[in-house]
Amino acid sequence: GENVEQHPSTLSVQEGDSAVIKCTYSDSASNYFPWYKQELGKRPQLIIDIRSNVGEKKDQRIAVTLNKTAKHFSLHITETQPEDSAVYFCAASTSGNQFYFGTGTSLTVIP
Amino acid sequence: SAVISQKPSRDICQRGTSLTIQCQVDSQVTMMFWYRQQPGQSLTLIATANQGSEATYESGFVIDKFPISRPNLTFSTLTVSNMSPEDSSIYLCSVSSGLNTQYFGPGTRLTVL
């Protein structure tokens, strides 16, 4: 089955700096890659996603890049703010049904 | 996106008992899923709840331990049977209406003593 690895497990940045979280996947058939943000005690919230026919997608301060050849995708957050502090999960899916999640990255934005 | 609710939001249960968790969506959805999130960990898919047929379980999860029902396109239940402290976790349902995207319910925090 699919194996998704996520790095780093923890990340601290100064407010205003950029944060990058990286994920790799093993199944070349995976074609959908969502990113979720989970604040303490709350449900995971979808923040951005990308499909395998696209190399990059941007939504305001958040962007995701996908390298199908290398089987990795990354989340980029620019101009970080304290409210960006949360745990971020990447996921990969082949069928749209089974999501395989990464282990999560705890992001802390220091004011 | 759909509004998803879960009941109960949390519970404390005794070892050996069972708990049924409900997931309700305010609109019809194609797919419903159940996940487990152990403290400080990632999300693990338990099963896909199929409307009108038996759920599809992931490796490591069995129907006797986690029976699932989905009587219609807006409702599903997950039962955690014969509980032990190792079952203490957050259980989340998620829904999808196609285009792959999944949205999560608020979760049920279960503590087994």
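Just so we're on the same page: letters track the sequence lines, and every chain starts at 1. Note that the coordinates shown come from a computational prediction; the quantities given were computed from them, not determined experimentally.
Of the residues considered (S94(B), P106(B), G107(B), G40(B)), P106(B) shows the highest number of contacts with chain A, using heavy-atom pairs under 4.5 Å.
Residue E79(A) places its CD atom among 12 or fewer non-hydrogen atoms of other residues, nucleotides or ligands, all under 6.0 Å distant. Within a 6.0 Å sphere centred on CD1 of I12(B), heavy atoms belonging to other residues, nucleotides or ligands number 12 at most.
Two rings, from Y25(A) and Y100(A), have their centers 6.0 Å or more apart. Less than 6.0 angstrom separates the ring centroid of F61(B) from the ring centroid of F66(B). In this structure, F99(A) has its ring center at least 6.0 angstrom away from the ring center of F33(B).
Contacts between residues 42-78 of chain A and chain B, counted as heavy-atom pairs separated by less than 4.5 Å, involve R43(A), P44(A), L46(A), D49(A), R51(A).
Only the side chain of Q38(A) comes within contact range of chain B, with heavy atoms under 4.5 Å apart. Only the side chain of L45(B) comes within contact range of chain A, judged by heavy atoms closer than 4.5 Å.
With salt bridges taken as basic N to acidic carboxylate O contacts below 4.0 Å, one links K65(B) and D87(B).
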| request: Start with the C-alpha gap between T20(B) and T79(B), add the side-chain angles, then the distance that decides, and say whether side chain to side chain donor-acceptor pair (under 3.5 Å) holds. | output: CA-CA 4 Å; T20(B) 296; T79(B) 299; 2.8 Å; yes
